[in-house]
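One structure is given here, and the rest of the page talks about it.
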Amino acid sequence: MSHQPAFDHPYLKDHKIQMRPSYHPEGRVFDDSKVSTESKERKNPITQLWHVNDKCPEGTIPIRRTKEDDVLRASSVKRYGRKKHRAIPQPRSADPDLINESGHQHAIAYVEGDKYYGAKATINVWEPKIQQPNEFSLSQLWILGGSFGQDLNSIEAGWQVSPDLYGDNNTRLFTYWTSDAYQATGCYNLLCSGFIQINSEIAMGASISPVSGYRNSQYDISILVWKDPKEGHWWMQFGNDYVLGYWPSFLFSYLADSASMIEWGGEVVNSEPDGRHTSTQMGSGRFPEEGFGKASYFRNIQVVDSTNNLKAPKGIGTFTEKSNCYDVQTGNNGDWGRYFYYGGPGRNENCP
């Protein structure tokens, strides 16, 4: 554990690993005994494929092996494990030229206008089809601070399918961070110094299994990211049992204090192969109106407030660049709290 990539960071040379957060967000816990019949299947455990061989011994952490092929697929060694610039959905002031230039498309729900100290969601897991190897499809939450210029701070976590990054079409758990709008800092998973992992059972970038099926069993994962009020680090928890590790607060400028915006939802790359919209799917590849068992969802979305309590977000906005390609629809009920369905097939007759 003490030899992980995080400690290559100059600020982490003498860092003492924190083995647990000082505080955990309190708040309404959604009681599994009150689950409606529709979502009875959420007891199904999600594991990672590598667990069939075993888990790692205590005091160590699992790290996905980087092979030569992985690096060769990247545009350069320096860019390996990094996002391209401008990959962030910018709901309000989005300049249309900026949107199209980056080729990224989103279907998200978001909140802004307050100080946020974390976010949580339960996301069902799919294996969307990717048209081109240089495209990806992901579903994640974003914890954002700063402006959308050169100084954006972002912590991101969710699941993704990215043939370029991993060399296959498996759905994988991932994290990302940056403190300068994806320019020089940050990376996926543990591919650079920064995130400190403490958990020996869950590997960043490892395949998730099983995944949801159309009109079949639904499998979902819960992700919670919150700022420890005592130490100031941003912690991540996977499911109810796995606290994975933390991003030290000194990696960030704005997020050293708090986040100013939280986003939840899907993102794909549309590289417009053959001059038409990509057919890369977002989520399940179905539009939100198809509902449970068909469309993909985020449920029980919550934010952590300044008193370190989890609560339902107020004033949720939604945003999508092209709702004929990928869309989002929010709702609210007793079992699922605040939720939304999102996604779509990409290219179709209304999205040429």
Side-chain angles (χ1 to χ4, degrees), residues 25 27-30 35-36 38-39 41-42 44 46 88-89 91 105-112 116 118-128 137-144 154-161 171-176 208 211-212 214 218-226 236-240 259 261-268 281-304 310-320 323 326-344:
R28 179 175 167 217
V29 176
F30 287 86
V35 177
S36 67
E38 171 171 79
S39 50
E41 292 175 300
R42 67 192 215 200
N44 292 343
I46 284 222
I88 202 102
Q105 292 195 342
H106 307 86
I108 62 161
Y110 68 94
V111 288
E112 60 182 339
Y116 306 101
K120 185 176 184 188
T122 298
I123 316 168
N124 69 339
V125 181
W126 295 84
E127 197 167 87
S137 181
L138 58 75
S139 298
Q140 67 172 50
L141 51 86
W142 287 259
I143 291 177
L144 301 167
S154 182
I155 289 175
E156 304 167 29
W159 60 259
Q160 70 182 158
V161 177
T171 304
R172 294 167 178 276
L173 172 72
F174 82 97
T175 60
Y176 200 90
I208 298 171
V211 298
S212 304
Y214 181 72
Q218 298 299 299
Y219 294 92
D220 51 30
I221 58 173
S222 288
I223 288 179
L224 165 64
V225 175
W226 81 99
M236 176 177 169
Q237 179 174 313
F238 176 75
N240 293 324
M261 188 172 196
I262 306 286
E263 298 177 346
W264 300 263
E267 175 182 351
V268 299
Q281 297 174 330
M282 181 190 290
S284 66
R286 303 282 175 159
F287 283 116
E289 49 268 23
E290 292 203 40
F292 185 80
K294 300 170 190 166
S296 40
Y297 60 76
F298 278 61
R299 62 179 172 88
N300 296 342
I301 64 173
Q302 294 175 296
V303 295
V304 179
L310 276 165
K311 60 177 194 186
K314 285 195 180 68
I316 296 177
T318 59
F319 169 75
T320 178
S323 57
Y326 311 105
D327 204 6
V328 56
Q329 287 182 358
T330 59
N332 195 3
N333 69 31
D335 284 327
W336 278 23
R338 296 284 164 86
Y339 68 87
F340 62 91
Y341 287 102
Y342 70 100

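Predicted, not measured: the structure shown is a model, and the values here were computed from it.
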Q.
Could you check whether Phe340 and Trp264 have their ring centres less than 6.0 Å apart?
A. no

Q. What pairs with Trp226 under side chain to side chain donor-acceptor pair (under 3.5 Å), at least two apart in sequence or on another chain?
A. none

(Q) Could you measure the distance from the CZ atom of Phe292 to the OG atom of Ser212? Nearest 0.5 Å is fine. (A) 8.0 Å

**Q.** Gln105 side, atom CD; Glu267 side, atom CD - distance, nearest 0.5 Å
**A.** 10.0 Å

Q: For Gln237 and Gly239, indicate whether the former's side chain and the latter's backbone hold a donor-acceptor pair under 3.5 Å.
A: yes

Q | Min side-chain heavy-atom separation Trp126-Arg286 under 4.5 Å | A | no

**Q.** Main-chain N/O of Lys294 paired to Ser284 side chain as donor or acceptor, under 3.5 Å
**A.** yes

Q: Write down the atom of Asn300, the atom of Gly337, and the distance for their closest heavy-atom approach.
A: OD1-N, 3.3 Å

Q | Check: Tyr297 side chain, Gly293 main-chain N or O, donor-acceptor pair, under 3.5 Å | A | no

Q) Can you name the closest pair of heavy atoms from Asn332 and Tyr339 and give their distance? A) N-CE2, 3.2 Å

Q. Mind checking what makes side-chain contact (heavy atoms from CB on, under 4.5 Å) contact with Gln329, not counting sequence neighbours?
A. Pro288, Glu289

Q | Nearest-0.5 Å distance that lies between atom CD in Gln160 and atom CZ in Phe174 | A | 5.0 Å

Q. How many angstroms lie between atom CZ of Arg172 and atom CD1 of Ile208, to the nearest 0.5 angstrom?
A. 9.5 Å

**Q.** From CD (Gln140) to OG (Ser154), nearest 0.5 Å
**A.** 7.0 Å

Q) Would you say the side chain of Ile301 lies within less than 4.5 Å of the side chain of Ile262, judging by non-hydrogen atoms? A) no

Q: Please tell me if the side chains of Arg299 and Asp220 come closer than 4.5 Å, counting only heavy atoms from C-beta onward.
A: yes

Q.
With rounding to the nearest 0.5 angstrom, report the CD1 to CG distance, Ile221 to Leu173.
A. 6.0 Å

(Q) Between Val111 and Lys314, is there a side-chain heavy-atom distance shorter than 4.5 Å? (A) no

**Q.** Distance-only donor-acceptor check, side chains Thr318 and Tyr342, under 3.5 Å
**A.** no

Q) Any idea which heavy atoms bring Ala295 and Tyr341 closest together, and the distance? A) CB-CD2, 3.8 Å

Q: Please examine the side chains of Ile108 and Trp142, heavy atoms only from C-beta on, and report whether any two atoms are closer than 4.5 Å.
A: yes

(Q) Looking at every heavy atom in both Asn124 and Gln218, which two are closest together, and how far apart are they? (A) ND2-OE1, 2.9 Å

Q: Grab the two heavy atoms, one from Pro128 and one from Trp159, that are nearest each other, plus how far apart they are.
A: CD-CZ3, 3.5 Å

Q.
Testing the basics here: between Met282 and Val268, what is the closest heavy-atom pair and its distance to 0.1 Å?
A. CB-CG1, 3.8 Å

Q) Can you tell if the side chain of Val225 reaches within under 4.5 Å of the side chain of Thr175, non-hydrogen atoms only? A) no

Q.
Is any side-chain heavy atom of Arg338 closer than 4.5 Å to one of Pro313?
A. yes

